[in-house]
Amino acid sequence: MKEFLIEDSTKYHTLKKVYRLIYEHGPLSKADLQTMTNIKHTTLVRIIDELLIQQFIFESGLGNSSGGRPPVLYEIVQNRGYIIGIDISRTHTTIALLGLKLSIIEKYTFPMTHVHTPEIVIENIIDTIKLFMQRHNVTEEDLIGIGVGSVGPLDRKLGLILDPDSFPCIGWNHVPIVSSLEKVFPVKVLLENGANTAAFAEYLHSSAIGQDILYCINGVGLRCGMLVNGQVVQNKTGVASAFGHMIVDIDGRECICGRKGCLLSYTSLDSMKTQIYEQIAAGGKSLISTEQTLTFELLIQAAKAGDEIVENVILNSAHYYGIGIANMINFMQLDQVLLNGPLIYEYPPYYEKIVQTAQKYMFNTYENAVLFNKGALKEDAVPIGAAALLLNTFFT
Ligand SMILES: [Zn+2]
């Protein structure tokens, strides 16, 4: 399967074209494929025979008859290949083994702590991939490739994670993630920003309208990925945090970048913590203690228990987040906005306030044209999308 996907000769172009159609739209009959491709009938028959002999596709049943014999339907053989999808973020790393149709067969997540140097993380990744391969009888020939969705900035060409901020462990500087994996596994390794891979995964997963999508992960920081015409928008440096430094209040709170009023200075966990502490210092009563390490879990617990300070800080964050999203919609004419993050999933008033505010500041023209949603794949979006983008490179 790997050879077939890598092969780039003209003969293989047609073979891959038919395979891809069956992959994306199967089960399909010969007549369906004929209509979709305009390939000569005899050629199509030969191609399907070849795909059947190689066991890339199989006869999955019979379609509806239009009078004569019902047509044979073809589908791809799922276990002919496997892909690894990886998510490297500031809080965790996930390694997932996926089938050809991008369903997760097994995944493993470990937290990123102050001891997680790049060397240790890469070693963990390699060991986990080997373990998955052993456990699921995946041979080197069956492993098609590895997709890595990481926090940026990145050097995609050289396969490096450059110098991402706010990693809990030092040493994350020019990390050769691609070559480190290629040395051990004889496969193609793709590196892309995790927010972009997540956006791509949600796009493939969703049947909703539109190909222009903004996807934001509001975790420790704020990361955002974008698709235009269903294609990942690659900025130069692979940084996904630029959206967080959009100015939403020119006289606003100080940001970690030194400017004032960046979106991040209202939406990051750290900025919310600072705001809560300020109000406690000014005599406000809160369930949050300045002694404890503030996590999203504690924040959500306090808000749900009716802690007014926490509720107000969260909703204020949602207000500015909504303004930032409205700016993006007005500029990019987006079809869909997908949001991911603990507050999005666990604290409904946060999500509702973001959508309400965005709608308030959007141009009238887009009022009914933009779809807001929570990311359906949640934390699996990054590794699934990384695997999907890897697979995509063989078809384009
Ligand atoms: Zn900033």
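Just so you know, ligand 1 is whichever comes first in the structure, and atom 1 is the first atom listed for that ligand. Predicted model, so just to flag it, every value in this text is computed and none were measured.
- With waters neither drawn nor counted, the protein N/O/S atoms under 2.8 Å from the Zn ion (ligand 1) amount to 4.
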Contacts table for residues 42-60: side-chain donor-acceptor under 3.5 angstrom, sequence neighbours left out:
unit_1: S60; atom_1: OG; unit_2: E75; atom_2: OE2; d: 3.2

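- Counting non-hydrogen atoms of neighbouring residues, nucleotides and ligands closer than 6.0 angstrom, the CD atom of Q292 exceeds 12 such neighbours.
- For S241 (side chain) and G244 (main-chain N/O), no donor-acceptor pair under 3.5 Å exists by modelled atom type.
- A salt bridge links K273 and D270; the closest N-O separation between the charged side-chain nitrogens and carboxylate oxygens is under 4.0 Å.
- Taking a 6.0 Å sphere around NZ of K101, one finds it holds more than 12 heavy atoms contributed by other residues, nucleotides or ligands.
- Side-chain contact annotation: S271 with S268, donor-acceptor N/O pair under 3.5 Å present.
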